[in-house]
2 protein chains.
Amino acid sequence: MHKDSERFIERMGLQFETDGLPRTAGRIMGLLLLREAPLSLDDISGELGVSKGSSSTNCRLLESGGWAERVSRRGDRRDFYQVAPDMALRSLDAAQTRIKSLLALLDDALESLPAELETGRRRIRAVGDFHRFLVSELQDIMERWARIESAPAESGSDLGEGSHD
Amino acid sequence: MHKDSERFIERMGLQFETDGLPRTAGRIMGLLLLREAPLSLDDISGELGVSKGSSSTNCRLLESGGWAERVSRRGDRRDFYQVAPDMALRSLDAAQTRIKSLLALLDDALESLPAELETGRRRIRAVGDFHRFLVSELQDIMERWARIESAPAESGSDLGEGSHD
DNA sequence: CTGAACGTTCAGTAGAAATTGAACGTTCAG
DNA sequence: CTGAACGTTCAATTTCTACTGAACGTTCAG
């Protein structure tokens with residue numbers, strides 16, 4: 001493994017960690033970004049020096065977060081993982097979902113909290129207003145990005161689509 | 001302490017936790033949202049049943065994240081905390097900063113990784129393009145929100161500004 | 001049917017993060 | 001000067017999280 005590749009992979013691990021995600025998930029993401037073809041769990045375990053159990057768990061985390069994608073290969077029983085081609089949209093969608101969970105919490109609070117807590121209720125409403133605004137802005141962003149991605153792309157910018165045999 | 005208030009506070013704690021932040025920080029945020037006037041560290045420790053050390057650490061975390069604000073009171077040596085009036089803008093700014101740190105990582109990688117890793121370099125460039133797009137969109141969002149906030153506000157939506165003696 | 005190759009899960013464990021409680025430095029009233 | 005009231009910090013401890021390695025169920029070739 002190349003020295004600079006390792007450095008990149010480790011930095012991805014740290015970046016994920018500061019975002020509150022497992023370091024190994026970040027490392028896997030770094031590895032997937034660098035490698036030409038999709039990787040099996042054993043590939044990942046081997047290259048990163050982590051157990052297969054951990055690779056499995058973290059790949060599934062990456063998949064559920066919209067960062068990676070599980071693919072299969074004809075005549076092969078193994079799972080392979082690669083960077084999700086629609087990573088951008090999927091991660092924005094995940095962000096939206098998290099915000100909506102906060103909104104649900106705030107709405108519940110407004111339903112249950114007594115009217116006497118005027119100030120509190122007003123603040124909670126304000127936080128809700130802002131996050132509703134955010135959700136709608138995120139929607140716009142997703143649409144704008146989809147437009148950009150499907151555009152002619154003069155200076156190259158695709159994430160996946162390298163066809164593998 | 002009201003039953004529904006407690007419930008709200010605990011849910012805020014859990015919400016923060018799923019975002020990778022200390023549960024206590026979320027609880028403090030919930031408490032600050034509900035309370036009429038700014039709270040001292042002893043107020044917070046008392047109401048939440050946590051040590052003063054923890055209150056201090058978490059309040060400073062909330063302050064650095066743009067969620068809460070430290071204020072003082074004439075003739076009082078204590079620090080008081082309240083929800084930051086510009087919470088929305090400050091948290092967007094924090095999000096931007098995190099994305100920029102990822103961008104720096106990606107740019108470094110492009111500088112150091114050898115040209116042979118065509119595919120990897122292309123993917124990294126693509127992730128960078130998307131996140132540069134995001135940073136610029138966040139900027140727009142901040143400006144739009146600032147516009148909305150300063151507007152007439154027919155149905156009420158301010159976060160702070162309750163003047164305390 | 002047998003055994004190898006998979007991915008998943010789980011108990012045990014190592015490691016990290018959060019919390020406590022006490023110590024400390026500072027400020028200030030008396 | 002003295003002592004009380006602060007906020008901060010840090011070592012010890014508790015609590016959580018992530019990882020490992022093994023066990024398990026499944027699929028499939030022979």
Side-chain angles (χ1 to χ4, degrees), chain A residues 9-32 37-65 67-82 98, chain B residues 9-32 37-65 67-82 98:
Chain A
I9 288 172
E10 290 308 318
R11 289 239 275 163
M12 285 293 291
L14 293 176
Q15 179 77 27
F16 264 59
E17 208 170 41
T18 62
D19 287 3
L21 295 159
R23 186 181 298 191
T24 300
R27 285 197 269 236
I28 292 176
M29 198 59 205
L31 182 64
L32 293 182
L39 300 179
S40 71
L41 289 181
D42 280 327
D43 291 339
I44 292 169
S45 298
E47 301 239 36
L48 296 182
V50 300
S51 72
K52 196 152 86 166
S54 182
S55 295
S56 172
T57 302
N58 281 291
C59 279
R60 282 141 62 64
L61 173 69
L62 288 175
E63 198 189 10
S64 78
W67 292 291
E69 190 181 56
R70 192 164 60 102
V71 296
S72 56
R73 237 196 262 185
R74 143 137 193 147
D76 200 323
R77 211 139 54 73
R78 286 175 292 176
D79 293 341
F80 292 86
Y81 287 90
Q82 65 182 13
R98 258 175 292 137
Chain B
I9 288 171
E10 290 308 319
R11 290 238 277 160
M12 285 294 290
L14 292 176
Q15 178 77 26
F16 264 59
E17 209 170 40
T18 62
D19 287 2
L21 294 159
R23 185 182 297 192
T24 300
R27 284 197 270 237
I28 292 175
M29 198 59 207
L31 182 64
L32 293 182
L39 301 179
S40 71
L41 290 181
D42 280 327
D43 291 339
I44 293 169
S45 299
E47 302 240 36
L48 297 182
V50 300
S51 71
K52 195 153 86 165
S54 183
S55 295
S56 171
T57 302
N58 281 292
C59 280
R60 281 141 61 64
L61 174 68
L62 288 175
E63 198 189 11
S64 77
W67 292 292
E69 191 180 55
R70 192 163 61 102
V71 296
S72 55
R73 236 195 261 185
R74 144 140 192 143
D76 200 322
R77 212 139 54 72
R78 287 174 291 175
D79 292 340
F80 292 87
Y81 287 89
Q82 65 181 13
R98 259 175 291 137

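We name chains A, B, ... by the order of the sequence lines, and we start the count at 1 in each one. Everything numeric in this text was worked out from a predicted model, so none of it was measured.
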Query - Pairwise 5' ranking along DNA chain D for Arg77(B) and Arg27(A), keeping only the more 5' one - result: Arg77(B)
Query raised in the report: Rounded to the nearest 0.5 Å, what separation is found between the OG1 atom of Thr24(A) and the CG atom of Leu31(A)?
Result: 12.0 Å
Requested in this report: On DNA chain D, reading 5' to 3', which nucleotide is the first and which the last to sit with an atom under 4.0 Å from a heavy atom of chain B, could you check?
Outcome: dA5(D) to dT9(D)
Query raised in the report: For DNA chain D, what string of dots and brackets results from 5' to 3' when Watson-Crick and G-U pairs need both distances under 3.5 Å, crossing pairs get [ ], and pairs with another strand get |?
Result: ||||||||||||||||||||||||||||||
Report summary line: In short, Leu62(B) meets Ala25(B) closest at the heavy-atom pair CD1-O, 3.7 Å
Report summary line: Here the distance between atom C1' of dT19(C) and atom CG of Leu41(B), to the nearest Å, is 15 Å
Report summary line: CG (Leu14(B)) and CG (Asp19(B)) are apart, to the nearest 0.5 Å, by 11.0 Å
Query raised in the report: Rounded to the nearest 0.5 Å, what separation is found between the OG1 atom of Thr18(B) and the CZ atom of Arg98(A)?
Result: 8.5 Å
Query raised in the report: Atom CG of Leu48(B) to atom P of dA18(C): distance rounded to whole Å?
Result: 17 Å
Query - From SG (Cys59(A)) to CG (Leu39(A)), nearest 0.5 Å - result: 8.5 Å
Query raised in the report: Toward the 5' end of DNA chain C, which comes first, Lys52(B) or Gly53(A), by nearest nucleotide?
Result: Gly53(A)
Query raised in the report: Which part of the nucleic acid, if any, lies within contact of Arg23(A), taking any heavy atom under 4.0 Å across all strands shown: a base, the sugar-phosphate backbone alone, or nothing?
Result: nothing
Query - Residue whose nearest DNA chain C nucleotide is more 5′ - Ser54(A) or Glu17(A) - result: Ser54(A)
Query raised in the report: When all nucleic acid strands are considered with a 4.0 Å heavy-atom cut-off, which category describes Gly75(B): base, sugar-phosphate, or nothing?
Result: nothing
Query raised in the report: With a 6.0 Å cut-off on ring centres, are Trp67(B) and Tyr81(B) close enough?
Result: no
Query raised in the report: So Leu41(A) and Lys52(A), side chain to side chain contact (heavy atoms under 4.5 Å, CB included) or not? Walk me through it.
Result: CA-CA 6 Å; Leu41(A) 289 181; Lys52(A) 196 152 86 166; 4.2 Å; yes
Report summary line: Contacts of Arg78(B) meeting side chain to side chain contact (heavy atoms under 4.5 Å, CB included) (sequence neighbours excluded), chain-then-number -> Ser40(B), Asp76(B), Phe80(B)
